[in-house]
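Here is the structure we will look at.
Each ligand, and each atom within it, is numbered from 1 in the order the structure gives.
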Amino acid sequence: MALSTIAMGAIGLAIAIAALLVNLARVKIDPREPPVVHPKVPFFGHVIGMLTGGPLYVKKISEQCKHPFFTLPMLNGRTYVCTSPAIAVAVQRAASTLDFDALIAELGPRMVGAAAETQHILRDPMAKQQGRRTMVDRSHDIINPPLAAHKMLEIAQKQVNYLSNFVNAIQDGEELDLFVTMRGQMAAASMDTFYGPHNPFAEHPELLDKYWDWDDGLVGFMVNVLPQITARRAYYAMQACVKGWVEYTEKGLHREAQPFLQDRKRFHEDEGISQEEHARLEMGITFGIVSNASVTSFWLVNNIFSDPELLSQVRDEIYTNAFEAPGTLSTTKLRDACPLLNSTWRETMRLIAPMTSARIVLQDTVLSDTYFLRKGSVVQIAGGLLHSDTEIWGPDAASFNPRRFVYNWNGTKTESNGRVVDSKSNAIHPGAFRGFGGGTSLCPGRHFAQAEITSLAAMLVLGFDMHPMKGAREVMWNPPRDDKRFPIAVTKPLRGVPVMMRRRNGWEEVKLELKV
Ligand code: HEM
């Protein structure tokens, strides 16, 4: 009896100590912070959940929490997750204290495996004190202006020329994997356009595969724990690509790149960044230029061709509205006079580009007079949750509805019967669509992306039908999405889509051109 009393006492004490430790381990939260969701495993629970479950983990938590803004304690800090368009816009507006550049300075070097010294140069911790703008901040002045809608025309023309050469060379009866081909051609075109005909991937075509190896393994690579072992494929792929970039600059081939990329190289030199480190940073920019647009092109083409009724309507729309002269399509008309094509593109992005934008809290901030956000924390705008919310998009939020953006660039909430009815009250909040981020980190390449992606799709839609490969009974459209992966970029398919390309009746000899 006495023994069991002691045992009970000991167990009780152990539980009390454990509870105390768990409590101590909990990050101290101000009551004005967004509601807290504690992890089951203190410190690491949410980190492990995010790494293993990606966006699906955050979704699960959000469903449990049922609040549009919540706090996830992680390690000895916290991440605030925002799932409401209005709060997303408030986060974007508070750019003076909720900062994107600081995050780029942290994550950019990780993404490309840059040296500590480069990281230090990018962080530029004394900049504010010394009244200087950081290097990341100044780099926007180089990259963003040439990509503005009215400035990028020449670059876009180069890109669509490359793409039309590709489409015009497709043989009747040619068999290809749609994903591999779309991704490969778009990447090759972008490299040629931005870095010139002797870019590293053109000089060493095997590097294009290496590039995708790195891109596929990026999350593990960024974790950066013995990447030679834990992210082996991505690590060695990056090494190979860096070698190619260094050779490219040593031979002076970078003089064929777009002028703003040459300026960027000089800028790096002036800031004391070595040739090899510059090569790594170019992989980061290549990621922005190549990865999202390539994968989006595949999904857009898949989504149009997999739906015969939609294919026929998009064809009619382009045929009727987008020709400037016989055989010459206008990218301006594709943008301004083809609402169904553009709606299909935006809807494609809603489903496969659930981008998470993040900000670092530079100093304690009270957002919208309500939420206290602590210095040093991270704020995430959870694109995946915003893009799949039935309260925002309507009951069919989980499915593909190509007409969702026909009336409104930001989208229209569907009625209970799934119809898209044009009315002011159905207009979707501008902060809900996250495909290109928003605020200070709004993608500067979005105009270029629209021109290249819709142009490539339009040429294929007009010129071709897609049939099953020889021996196959049907085309296996709509491959499952790799939804578990953390959304650094557009979601990839888990398998390819093999198709046989057939030139359409009456279009056998037509060579399409595009005019920007
Ligand atoms: C469908 C294609 C594209 C998608 C979905 C996309 C998406 C995005 C997103 C979400 C961001 C913001 C990142 C953040 O908030 O964390 C971003 C930034 C950026 N994008 Fe795009 N992008 C696309 C195409 C392009 C293209 C074609 C270019 C260049 C020609 C480009 C260049 C950039 C650059 C340079 C940034 C960094 C901006 C900065 O540091 O402030 N993007 N993109």
List ligand 1 atoms under 4.0 Å from Gly437, heavy atoms only on the residue side.
10 (C)

Nearest to atom 29 (C) of ligand 1, what protein heavy atom do you find, and at what distance?
Ile289 CG1, 3.7 Å

Salt-bridge contact Lys413-Glu391 (side-chain N to carboxylate O under 4.0 Å)
no

Donor-acceptor pair, side chain of Ser377 and main chain of Leu373, under 3.5 angstrom:
no

Does Leu103 approach ligand 1 within less than 4.0 angstrom via side chain, backbone, both or neither, non-hydrogen atoms only?
neither

Under 4.0 Å from one or more heavy atoms of Ile143, ligand 1 contributes atoms 35 (C)

Is the shortest N/O to N/O distance between Ser441 and ligand 1 below 3.5 Å?
yes

Any salt bridge linking Arg266 with Glu269? Criterion: basic side-chain nitrogen under 4.0 Å from a carboxylate oxygen.
no

Presence of salt bridge, Glu154 and Lys158, under 4.0 angstrom
no

Test of understanding: given a 4.0 Å heavy-atom threshold, classify the contact between Phe448 and ligand 1 as side chain, backbone, both, or neither.
side chain

State whether the side chain of Asp192 and the backbone N or O of Ala188 hold a donor-acceptor pair below 3.5 Å, judged by distance alone.
no

Ligand-side contact atoms (ligand 1) for residue partner Gly435, heavy atom cut-off under 4.0 Å:
5 (C), 7 (C), 10 (C)

Note: ligand 1 atoms sitting under 4.0 Å from heavy atoms of Ser357 are 15 (O)

Taking the six-membered ring for Trp, is the centroid-to-centroid distance between Phe305 and Phe464 below 6.0 Å?
no

Side chain or backbone of Thr296 under 4.0 Å from ligand 1, or both, or neither, by non-hydrogen atoms?
side chain

Could you tell me whether some N/O pair between Gly288 and ligand 1 is separated by less than 3.5 angstrom?
yes

Interfacing atoms of ligand 1 (cut-off 4.0 Å, heavy-atom, Ile453):
1 (C)

Check for me whether Glu452 has a heavy atom closer than 4.0 Å to any atom of ligand 1.
yes

Is Arg138 paired with Glu271 through a side-chain N to carboxylate O contact shorter than 4.0 Å?
yes

Starting from atom 38 (C) of ligand 1, find the nearest protein heavy-atom neighbour and note its residue, name and distance.
Pro444 CD, 3.6 Å

Show the numbers, then the answer: is there a side-chain hydrogen bond (donor to acceptor under 3.5 Å, both in side chains) between Glu282 and Tyr248?
CA-CA 11 Å; Glu282 286 318 276; Tyr248 168 77; over 6 Å; no

Residues Arg374, Glu33: salt bridge by 4.0 Å N-O rule
yes

So which bit of His140 gets within less than 4.0 Å of ligand 1, heavy atoms only: side chain, backbone, both or neither?
side chain

Residue Phe194 vicinity, atoms of ligand 1 by number, heavy atom under 4.0 Å
30 (C)

Is Met349 near ligand 1, meaning one of its heavy atoms is under 4.0 Å from it?
yes

Below 4.0 angstrom from a heavy atom of Phe100, which ligand 1 atoms are there? Numbered from 1 as shown, please.
14 (C), 15 (O), 16 (O), 39 (C), 40 (O), 41 (O)

Side chain to side chain contact (heavy atoms under 4.5 Å, CB included), that's the test. Do Val223 and Arg110 meet it? Break it down for me.
CA-CA 8 Å; Val223 170; Arg110 254 176 198 276; 5.7 Å; no

Would Asn199 and Glu256 satisfy side-chain hydrogen bond (donor to acceptor under 3.5 Å, both in side chains), going step by step from the backbone distance to the final call?
CA-CA 8 Å; Asn199 69 76; Glu256 296 174 355; over 6 Å; no

List the closest protein heavy-atom neighbour of atom 8 (C) of ligand 1: residue, atom name, distance to the nearest 0.1 Å.
Cys443 CB, 3.6 Å

